[in-house]
Engineer: 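Sharing a structure, written as structure tokens. Questions coming.
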Amino acid sequence: MSKYKVSIRYSTSLLEIAISKNLLEVISADVDFILNVFRSSSELVSVMKSPVIKGQLKISIIDEIFKDKTNFETLNFLRFVVKKRRENYLVNILEKYLDLRDEHLCIANVDVKTAYEFDEEQSKALQSNLEKKLNKQVRLNYSIDKTILGGFIARIGDTMYDASIKHQLKLLQKKFTEGGVTLN
Amino acid sequence: MAEVRPDEISAILRKQLSGFESEADIYDVGTVLQVGDGIARVYGLSQVMMSELVEFPNDVFGMVLNLDEDSVGCVLFGESRLIKEGDIVKRTKRVASMPVGEEMLGRVITPLGVPLDGKGAISTDKYLPIERKALGVIQRAPVKEPLQTGIAAIDSMIPIGRGQRELIIGDRQTGKTAVAIDAIINQKYTHTEEAKKLGIEPVYCIYVAIGQKGSTVAQVVAKLEENEAMDYTTVISATATEPAPLQFIAPYSGATLGEYFRDNGKHALVVYDDLSKQAVAYRELSLLLRRPPGREAYPGDVFYLHSRLLERASKLSDDLGGGSLTALPIIETQQGDVSAYIPTNVISITDGQIYLESSLFNAGVRPAINVGISVSRVGGNAQIKAMKKVAGSLKLDLAQYKALEAFAKFGSDLDVYTQKTLAKGARLVELLKQGQYVPVPIEKQVVAIYLGTNGYLDNIDIADVKRYEKEILEFIEMKYNQVFESIKKEKQLSDKVLEMIKKAADEFVAVFK
């Protein structure tokens with residue numbers, strides 16, 4: 001619970017810095033890069049989470065890895081987080097930052113599950129339809145799930161747009177077996 | 001031989017399925033973080049409402065009881081082992097509700113309205129939320145019509161009115177359920193043509209079984225069926241095997257169904273059997289949801305749990321149709337301890353209580369009602385005049401008898417007056433004894449009590465009192481039937497009727513052996 005509060009507070013401040021200094025794109029690219037580094041190295045994550053390793057040492061590790069590869073503001077933010085001893089929330093903070101940035105730019109992240117890979121035309125149609133519906137820019141992340149049999153399932157935040165054959169069949173089954181009172 | 005062509009079949013299938021939508025279905029979801037002991041914590045469901053129904057996989061439903069900063073606490077109405085971490089939870093966009101309507105009468109259902117009696121689906125399209133706000137002051141009217149239980153001791157001294165909340169309280173095995181079931185069975189009369197002519201409106205009954213044994217519920221249903229009481233009764237059953245959340249909402253669904261009748265200008269009687277078990281189920285839920293425990297480990301809002309339920313019992317004003325919802329909550333005490341947490345709470349909420357005592361029960365006084373400490377705070381206004389007239393001295397006589405009872409063992413050493421009081425009291429106690437499932441109509445109660453309080457029993461052996469009552473009532477019914485007719489119609493004891501009763505009693509003494 002506190003994890004959520006802490007990370008949202010730090011990520012909001014990073015976003016505010018980025019906006020006020022007009023560095024939104026640069027910092028976002030940095031955050032993507034840093035997250036990738038953390039994801040590729042579990043050792044780095046465990047070093048950050050370790051309570052035994054001193055903060056000063058962690059700062060110098062961060063310096064060494066990211067110094068020439070990221071913007072000064074980003075690096076400064078990382079140092080600040082470590083200095084405030086919130087480094088074990090670092091990944092959460094950065095992930096939250098990306099969410100907040102998308103919200104700020106009115107971009108919706110949509111996870112699309114399809115049974116077979118969509119061709120260019122289909123994905124364009126889906127994108128434009130979703131953009132029209134949501135009134136927002138849409139970024140589609142595709143994944144393939146054969147169990148849905150056909151159609152697609154789009155998930156935006158907590159809302160699902162379910163047009164899969166599997167779901168249709170389930171509804172049909174429900175309709176056949178339904179006898180008067182059901183809960184749905 | 002007739003033939004059916006395959007393309008005909010497919011045409012029919014297509015027609016039957018034509019109403020089926022095939023557009024994208026839009027719904028909100030969350031992910032199960034943690035599940036156990038009938039509770040699930042869900043991440044997501046960002047738009048979910050308090051006490052909304054949510055759907056888990058495998059047809060398990062849940063209800064939202066906690067909205068935390070980053071998770072949602074749900075109670076499960078099904079088995080928790082069917083749900084895994086990471087499962088998708090769907091919103092239904094409906095607060096927990098149940099189907100209502102006349103179709104529910106004669107059925108045994110779960111608190112969510114799903115039939116349990118194997119009599120097929122219930123076709124009703126009206127849904128009402130299970131948790132509803134009780135009515136305000138303006139919509140209500142004072143309790144004024146009687147609700148006859150058919151039990152002489154209650155109808156005479158602890159009268160219940162339509163719209164009242166009367167607690168039935170006592171230890172285990174003192175006949176609490178029996179009193180409630182008798183009250184339900186006695187409502188059969190209100191559904192007859194005769195009652196309609198006399199202006200008595202029918203009472204629909206709802207029996208809510210909370211945390212009881214399945215066999216007990218089956219027994220109750222069988223008894224109600226045997227007495228033809230199921231025609232106007234719904235049984236809502238959340239037995240001990242059901243998860244705690246279902247036991248917790250069962251009384252609220254009973255109240256919802258009762259309110260449906262009330263709001264349509266009809267009269268309903270709801271029996272909550274029993275609320276101590278509901279409080280225990282709610283305690284279980286609250287502790288699992290990590291709400292802080294208070295006295296006896298009950299959560300802080302356990303008073304509100306019962307007060308908001310019982311506030312829903314009410315008598316509507318005439319502008320709103322004049323319907324009523326009477327509540328008979330039942331509380332089981334431990335070793336007669338009425339000062340425990342839940343009993344004191346419910347006593348303070350209700351409009352009176354009927355105390356049942358195991359010592360009386362074991363002494364053969366059944367129903368084992370302790371009339372000294374049982375009260376009805378509003379029912380007096382609802383009593384018919386005839387009963388009010390005869391019951392006044394009954395209560396006094398019994399109180400005097402109780403006060404002198406301790407001296408009874410001195411026997412003939414007592415003065416004549418005391419002996420007389422004791423003899424009369426003993427006969428009145430005998431008179432008020434009554435078998436199970438044999439409710440007595442109000443006019444017969446009036447006559448019997450009149451005879452008892454006016455000394456007509458004093459020369460009858462105590463062992464013969466019940467037989468005397470039965471035979472004289474039969475005698476009056478045969479020879480002086482106007483007595484009963486007149487009490488029923490005019491609802492009071494005119495001098496003419498009194499004359500007739502006296503005459504009948506004098507005549508009967510000669511033939512009674």
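Residue numbering restarts at 1 for every chain, and letters A, B, ... go by the order of the sequence lines.
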Engineer: Measure from the ring center of B:Y27 to the ring center of A:H167 and say whether it is less than 6.0 Å.
Structural biologist: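 Yes, ring centres under 6.0 Å apart.
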
Engineer: Measuring heavy-atom distances to chain B, does A:K170 have an atom under 4.5 Å in its side chain, in its backbone, in both, or in neither?
Structural biologist: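 It is neither, since no heavy atom gets under 4.5 Å.
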
Engineer: Does any backbone or side-chain atom of B:L45 lie under 4.5 Å from a heavy atom of chain A? Answer side chain, backbone, both or neither.
Structural biologist: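 It is the backbone, since no side chain atom gets that close.
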
Engineer: Name the option with the most non-hydrogen atom pairs under 4.5 Å to chain A; the candidates are B:G30, B:G120, B:G44.
Structural biologist: B:G44

Engineer: Does the gap between the ring centers of B:Y204 and B:Y232 come in under 6.0 Å?
Structural biologist: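 Distance test on ring centres: not under 6.0 Å, no.
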
Engineer: Are A:N109 and A:D102 close enough that a side-chain donor and a side-chain acceptor fall under 3.5 Å?
Structural biologist: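 Result is yes, a qualifying pair exists.
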
Engineer: Taking the ring of B:F61 and the ring of B:F77, is the distance between their centroids below 6.0 Å?
Structural biologist: no

